[in-house]
Amino acid sequence: MPLKLVFVADTHVPKRARSLPEQVWAAVETADVVFHAGDWVEPALLDEFEERSTLLLGVHGNNDGPELRRRLPETAGITLDGVRFAMVHETGPAKGRELRCETLYPDTDVLVFGHSHIPWDTTSPGGLRLLNPGSPTDRRRQPACTYMEAAIDGGRLAEVRLVEVRRG
């Protein structure tokens with residue numbers, strides 16, 4: 001049975017949005033594992049994710065205060081059906097990202113990150129998959145707010161897709 005994954009980052013609630021869109025909550029509630037790559041902003045949002053997620057993996061971001069930094073690590077990792085994940089909020093500049101992250105996360109198959117609000121899905125020369133889901137609440141210069149869904153099936157990451165958050 002495939003594992004359903006949801007990747008979110010840069011929710012910035014309540015600074016950029018009063019709440020997370022219901023579309024995102026519906027994805028969170030039906031996922032087997034939820035990854036949040038930081039910039040929650042308020043501890044209450046972490047509490048709600050913990051209540052609504054079957055399994056939550058989170059890290060703190062640069063906009064997260066002392067309580068969130070106390071409750072969440074800077075980096076996190078998990079192995080799901082043999083696929084090794086790592087997560088961090090910030091990876092630095094886009095230029096050279098794949099090779100830099102390959103060096104920093106040598107025992108990782110998939111690196112989930114945030115910070116830029118810009119969706120990213122690439123694979124390094126050594127095979128490290130890098131995923132940034134964008135932001136479900138603050139699109140910045142992107143055409144839409146986004147998050148990602150994927151599955152783990154037969155010991156591999158499958159069906160990675162960027163999901164646009166519907167307006168209204």
Side-chain angles (χ1 to χ4, degrees), residues 1-65 67-78 80-81 83 85-91 94 97 109-122 129-153 157-168:
M1 193 77 173
L3 282 176
K4 181 180 175 188
L5 312 178
V6 169
F7 305 106
V8 295
D10 299 291
T11 45
H12 291 271
V13 171
K15 303 280 189 218
R16 301 286 185 210
R18 281 185 291 256
S19 61
L20 206 59
E22 282 306 315
Q23 176 188 354
V24 180
W25 281 127
V28 165
E29 290 170 348
T30 59
D32 296 303
V33 185
V34 176
F35 293 74
H36 191 303
D39 275 3
W40 310 71
V41 178
E42 289 293 327
L45 186 64
L46 172 57
D47 295 340
E48 193 165 1
F49 264 87
E50 288 174 338
E51 289 171 16
R52 293 184 178 215
S53 302
T54 301
L55 176 61
L56 174 66
L57 191 71
V59 296
H60 67 73
N62 60 300
N63 285 291
D64 295 329
E67 184 178 343
L68 286 164
R69 287 172 183 267
R70 181 181 55 75
R71 292 174 61 185
L72 297 164
E74 182 176 357
T75 61
I78 191 169
L80 300 167
D81 194 16
V83 180
F85 288 86
M87 185 168 48
V88 65
H89 182 62
E90 192 171 350
T91 60
R97 178 176 285 142
D109 300 309
V110 181
L111 177 65
V112 180
F113 66 100
H115 187 63
S116 68
H117 299 213
I118 299 171
W120 187 280
D121 182 353
T122 58
R129 183 85 176 258
L130 292 98
L131 300 175
N132 182 332
S135 171
T137 57
D138 184 16
R139 64 185 179 90
R140 288 196 183 159
R141 295 171 300 280
Q142 301 307 300
C145 292
T146 57
Y147 63 98
M148 284 180 170
E149 293 181 340
I152 296 181
D153 194 4
L157 186 66
E159 304 171 27
V160 176
R161 69 182 188 102
L162 185 66
V163 181
E164 288 190 10
V165 177
R166 295 179 300 275
R167 291 181 183 222

Exercise for the section: Classify the side-chain pair His12/Ser135 by whether it contains a donor and acceptor separated by less than 3.5 Å. Expected result: no
Problem - Shortest non-hydrogen contact between Ala37 and Gly114, atoms and distance - result: CB-N, 3.8 Å
Fill in the blank from the handout: Separation between CZ (Phe7) and CG (Leu57), nearest 0.5 Å, reads 10.0 Å
Fill in the blank from the handout: When every non-hydrogen atom of Pro21 is compared with those of Thr137, the smallest separation belongs to CD-CG2, 4.1 Å
Exercise for the section: Quick one: pull up CG in Asp32 and CG in Leu55 and give me the separation to the nearest 0.5 Å. Expected result: 9.0 Å
Handout entry: Within-4.5 Å side-chain heavy-atom neighbours: Thr54 and Lys4
Key = no
Exercise for the section: Find out whether Leu157 and Leu131 are in side-chain contact, i.e. whether some heavy atom of one side chain is under 4.5 Å from a heavy atom of the other. Expected result: yes
Exercise for the section: For residues Ile118 and Gln142, determine if any side-chain heavy atom of one lies less than 4.5 Å from a side-chain heavy atom of the other. Expected result: yes
Exercise for the section: Can you label the angle between the Phe35 ring and the Phe85 ring as parallel, tilted or perpendicular, going by 30° and 60°? Expected result: tilted
Handout entry: Neighbour count above 12 (heavy atom, 6.0 Å) for Glu164 CD
Key = no
Exercise for the section: Could you check if a side-chain atom of Val88 sits within less than 4.5 angstrom of a side-chain atom of Leu111, using non-hydrogen atoms only? Expected result: yes
Exercise for the section: Provide the closest heavy-atom pair for Pro136 versus Leu20 in the form atom of the first, atom of the second, distance. Expected result: CG-CD1, 3.8 Å
Practice task
Would you give the length of the straight line joining atom NE2 of His115 to atom NE2 of His89, rounded to the nearest 0.5 angstrom?
Solution key: 5.5 Å
Completion exercise
Taking every heavy atom of Asp138 against every heavy atom of Cys145, the minimum-distance pair comes out as N-SG, 3.7 Å
Practice task
Drop me the distance from Leu46's CG to His60's NE2, to the nearest 0.5 angstrom.
Solution key: 12.0 Å
Practice task
Show your working on side chain to side chain contact (heavy atoms under 4.5 Å, CB included) between Arg97 and Thr122 and close with a plain yes or no.
Solution key: CA-CA 10 Å; Arg97 178 176 285 142; Thr122 58; over 6 Å; no
Problem - CG-CG distance between Asp121 and Leu130, expressed to the nearest 0.5 angstrom - result: 9.0 Å
Problem - Separation of His36 NE2 from Leu72 CG (nearest 0.5 Å) - result: 9.0 Å
Exercise for the section: Decide yes or no for Arg52 and Val34: does some side-chain heavy atom of the first lie under 4.5 Å from some side-chain heavy atom of the second? Expected result: no
Exercise for the section: Would you check if the side chain of Gln23 reaches a backbone N or O of Arg166 as a donor-acceptor pair within less than 3.5 Å? Expected result: yes
Handout entry: Shortest non-hydrogen contact between Arg69 and Gly61, atoms and distance
Key = NH2-O, 3.2 Å
Problem - Electrostatic pair Arg71:Asp64 at N-O distance under 4.0 angstrom - result: no
Practice task
Might you point out which heavy atoms bring Ser116 and Asp10 nearest each other, and give the distance in Å?
Solution key: N-OD2, 4.4 Å
Problem - Flag, side chain of Asp39 to backbone of Asn63, donor-acceptor distance under 3.5 Å - result: yes
Exercise for the section: Indicate yes or no: at least one non-hydrogen side-chain atom of Val33 is less than 4.5 angstrom from one of Leu5. Expected result: yes
Practice task
Kindly say whether Glu50 contributes a backbone atom to a donor-acceptor pair with the side chain of Ser53 at under 3.5 angstrom?
Solution key: no
Exercise for the section: Give a yes or no on whether Glu29 atom CD has more than 12 heavy-atom contacts from other residues, nucleotides or ligands under 6.0 Å away. Expected result: yes
Exercise for the section: Report yes if some heavy atom in the side chain of Thr91 is under 4.5 Å from a heavy atom in the side chain of Asn132; otherwise report no. Expected result: no
